[in-house]
Structure formats: C-alpha cells, structure tokens
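Scroll down for the structure; my scribbles are underneath it.
Everything numeric in this text was worked out from a predicted model, so none of it was measured. One-based numbering, in listed order, for ligands and for the atoms of each. Hydrogens, waters and symmetry mates are skipped; everything else that's a heavy atom, side chains included, is used.
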Amino acid sequence: MYAEYLEQLRESLQKLEEWRSRYGDFTPHQTVQADTGRIGEVLDRMMERLQGNYPFHHPIYAGQMLKPPHPIAWMAYTLAMTINPNNHALDGGPPTSKMEKETVHQLAGMLGLQDEYMGHLTGGGTMANLEALWVARHEHPGRGIAFSDQAHYTHGRMGELLQLPTYNVESDVYGRMLPERLNELKDRVGTVVVTMGTTGLGSVDPLDDIMEWARKNGIRVHVDAAYGGFFKLLEGDAEFPGSRHWARIPEADSLVIDPHKHGLQPYGCGCILFSDPRVGAYYKHDSPYTYFSSEELHLGEISLECSRAGASAAGLWATLQLLPLSENEGFGPLLRACRNAAVSLYSMVKESDRYRPVQKPELDILGYFPVPFIGEFSTSNISDWSKWIFEEGMNREEEGFYASLFQMDAQKLARLHPDLEIDTDRVTVLRSVLMKPEHENFAADLYRRLEEVHQACVERF
Ligand SMILES: *Cc1c(COP(=O)(O)O)cnc(C)c1O
C-alpha cells in the first residue's frame, strides 16, 4: 500500500542528495554518527510499538477524526523535512514560504475570500482559533466571545488565556447554535464563533442568520471550519443541506480550516485567514533574530507562532498540485464520497430495528445508538448498550469495527425520539466519522458488522 512509493521516494531523495553534495562533502561529527545496524535495531523496536495503533488507514476504522495523509503528502513532507526549512521567516526557507503563500491562496480561493485577505498556516486548528480570538480582542477590547455549547472545547480555554469572558449559547436538538439566544448577549459580546461542522456530529451553525444579526450589531464573526471547511466544495450540490449558510463564509472576519483534518495532511497543519489584511498591524514585533532581507511580507511577521515546519507547506502544496480544490476534480469528489458514506450508513441504520440514527448527517459524521433488545428503552440503558457495542466491535478477532462514543443531552435526544425514557441527564451514543472516501463502498459492510455485534450483545445476556 505504501511501500510501492519507495522507489519514487528514493529517486527524489537522491535529487536532494545531489543538491546537498554541491556544497562539498564533509564527515558528520562522531557525536551524531550512527551505524545503520544500530539504527535498524532501534527502528525495529519502534515498529513493534507502532503496531499498538488502531487501524486508522482501514475503512473498518470510523472512530475519531483520524486518517493517514495522502502518500504525496508524506513523501513531500519527508523530503522537505530532510532540509528542515522553518517558515517563520522567508530566510528560514524561501521555497517552502512561497509554497505556503500559494497553498493559503488556494484555500482562501476555495472558501471564496477576495484577493484582499491575510493568512498563513499554523500548527493546527487550536492555534489558528487562538490567533483569530487574539485579533478579536484587539478589535473589541474587553468584550466577550460567544460560541455554541457544541463548539470545540478549546474556545473556552482560549478565552481564559486571553482573559476574555466567554458565553455558551444553547444549540438546538440538531446541535446548531440557536441564533435567537444571541440577542441577550449583544452588549457584552464582541465576537461570535460560528462552527461550520462541529467536532461532535458535524452540525453546521446557521451562519446566514448569525451574520445578519452580527452585522446589525457591529459584532465580529469568526468561522471555525477546522473540520468542515473543505465541504464548501459541495455547496452547489442539490442535496447538500444548508447552502445558504455556506454561501456566507466569504463574509466572515476570520476563518479557520485544518488541512490536517480533511486536507490529507500529516498533523501540524492548520490555517487562519482574515478578510481584512489590516489586522496584520497587531502583530508588530521586532525580534532581534529576524533579519528582514526583503521587501516582501514575512510569514513570521503575521503569525503568533515563531518556528513552523516548512515541510507542512511542502506536503500541502504537493497534495494540491495532485488533487485540486475543485468541485468536480480532486477534493470535491473525495468529500462527496465521505458524505455519501455517512448518508448511506444513516439510511441503513434508519431502516434497522437494532439501531436508530440520532439525526441525518449534515457532513460525514453519523451519530446513532443501539435499540436495547433487553431492558428498557431508556437513556441509561442505551448508554450501556452503546458502550458494549463500542467495546465488542473493537475487541473482535474478526469482522470488528472501530467507532467512538459521544455524550449528548438526554432531553435533546428524547425530543428527536419521543418514545425514549429519560432517566439520566446525559446519554452516550455511538459516533462514526466516515472521513475516508473508501467508506463510501464500505458502508454496507460496516452496517453488517454493526448488526452482528448487536446480536452478539443480545446473546451475551
Ligand atoms: C479539530 C477542531 C478544532 C481543533 O483543531 P486542532 O487542529 O485539533 O488543534 C477546533 N475546532 C473544530 C470545529 C475542530 O473540529
């Protein structure tokens, strides 16, 4: 699966070796010299340890938001990493800094931003969100930040870090922010975080309505599309829900998208975009180490982080050369396959007497829960059954699968399933993140495994 690329990797590595040798040969210092036998020994031991992972590469794994990067991404990353450029400043790696600008421009284009924007890659979504909220504080000093009760947990933390009050806005039964709840906060809040694809069940906040309200009240809009951002490519699809919300993304003041989630990249690749490049003024610094050798913008001048892997930019750049950010080529069909997988698993679950879907997926994440064949149809019992199914699926020798557990408000679930008896505040359900395009053809197989595991739980009593 991956070894077939070794020849290409070796050839490319050889080209870099030729470039390196142009500067003349030298002997590595004895302190860092290692013979290949010793290296092999250490790597062998590590290969043993790495096999303690779950099979993230395989479609039987639909648990957390995890999958290996595209081969071109890890090859490009690996090759660039042997040089180890630092995109903190242009001098730290001129070619990868240029690649970063090009890829950021492609991401901005996909999201519909105008040419006037400012942005860069980050270590991840959390850093990118921090940066957006840090700018938000400069723009509205002392005013708080609102986000829904389904927003990523790091927003609360970042509010603490920035010493800004944060406000939790209730979400509806589908996990989307209730825009009418914002009104009571309008004198206290400077920025509202709109999540386009929650980490839990991929719910999409009603950006169209929130944008109307925010513009009327002079409030900033930050879109957290760390997970969902790439789904912008499906906005034109007839059956894609919420197009009117996706259409307003370009009006956001700031935007976060994670290439290391749906962009086929290794971890360490997030992205922040600001629609108004003038916010760059807040970053002014005069580090004594930064020698500004060109008139051009230094990425380090507009980033909270200092050192950043140039290899990340190389990985993303190479991937986007191969797979364009286009509706009908490259990423569009990939995202469409993931969403098809979730919708098809949803249909199978909905038809079944062994499971019920929490709700129809907006993106490619499905929430569902087992119908207990033994015991009450109550929130406590379905929580137990969810945990049994989760464990049984993962511990099977054969025909197993990997899902994840998700906790939600019991009242909300019961509003969608009125025959459910509420005897707990929270309820644990199953969750499958179908973020690999291979899931499209594997959904029926996954469902069959779910049925078998349900039956195994029935028989265990
Ligand atoms: C994953 C995620 C984050 C955090 O991003 P990291 O890259 O894990 O730091 C923030 N918001 C949302 C909606 C996410 O899905």
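Ranking protein heavy atoms by distance to atom 1 (C) of ligand 1, first place goes to K261 NZ, 1.4 Å. Here the heavy atom of the protein found nearest to atom 10 (C) of ligand 1 is H152 CG, 3.3 Å. Among all protein heavy atoms, the one lying closest to atom 11 (N) of ligand 1 is D224 OD2, 2.7 Å.
Considering both main-chain and side-chain atoms, T154 never comes within under 3.5 Å of ligand 1 through any nitrogen or oxygen pair. Checked against a 3.5 angstrom limit, the closest N/O atoms of T195 and ligand 1 fall outside it.
The contact set between ligand 1 and T199, taken as ligand atoms under 4.0 Å from a residue heavy atom, comprises 12 (C), 13 (C), 14 (C), 15 (O). Which parts of ligand 1 touch G197 is read off a 4.0 Å heavy-atom cut-off, strictly below it: atoms 13 (C). Below 4.0 Å from some heavy atom of D258 lie the following atoms of ligand 1, by number and element: 5 (O), 6 (P), 7 (O). Atoms of ligand 1 found under 4.0 Å from any heavy atom of G125 (numbered from 1 in listed order, with element): 5 (O), 6 (P), 7 (O), 9 (O). Atoms of ligand 1 found under 4.0 Å from any heavy atom of Y227 (numbered from 1 in listed order, with element): 15 (O). Atoms of ligand 1 found under 4.0 Å from any heavy atom of T126 (numbered from 1 in listed order, with element): 4 (C), 5 (O), 6 (P), 9 (O). Which parts of ligand 1 touch G124 is read off a 4.0 Å heavy-atom cut-off, strictly below it: atoms 7 (O). Atoms of ligand 1 found under 4.0 Å from any heavy atom of A226 (numbered from 1 in listed order, with element): 2 (C), 3 (C), 10 (C), 11 (N), 12 (C), 14 (C).
The closest approach between any non-hydrogen atom of H260 and ligand 1 is below 4.0 Å.
H155 and D224 are linked by a side-chain donor-acceptor pair at a separation below 3.5 angstrom, with hydrogens and angles left out of the test. Counting only N and O atoms by type, the side chains of S380 and T424 include no donor and acceptor under 3.5 Å apart.
By the 30° and 60° cut-offs, the orientation of the rings of F274 relative to Y283 is perpendicular. Ring orientation note: the planes of Y54 and Y402 are tilted relative to one another, at an angle of 30° to 60°. The aromatic rings of W246 and F231 lie tilted to each other, with the angle between the two planes from 30° to 60°.
Contacts between N129 and ligand 1, counted as non-hydrogen atom pairs separated by less than 4.0 Å, involve the side chain only.
The side-chain contact (heavy atoms from CB on, under 4.5 Å) test with L264 is passed by exactly one of L316, L323, L320: L323.
The pair R396-E392 counts as a salt bridge, with a side-chain nitrogen and a carboxylate oxygen less than 4.0 angstrom apart.
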Worked check of side chain to side chain contact (heavy atoms under 4.5 Å, CB included) between L450 and Y368: CA-CA 11 Å; L450 276 166; Y368 54 103; 3.8 Å; yes

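With contacts defined as side-chain heavy-atom distances shorter than 4.5 Å, the pair R176/E362 qualifies.
Within 6.0 Å of atom NE2 in H105, 12 or fewer heavy atoms from other residues, nucleotides or ligands are found, so the atom counts as exposed in its surroundings.
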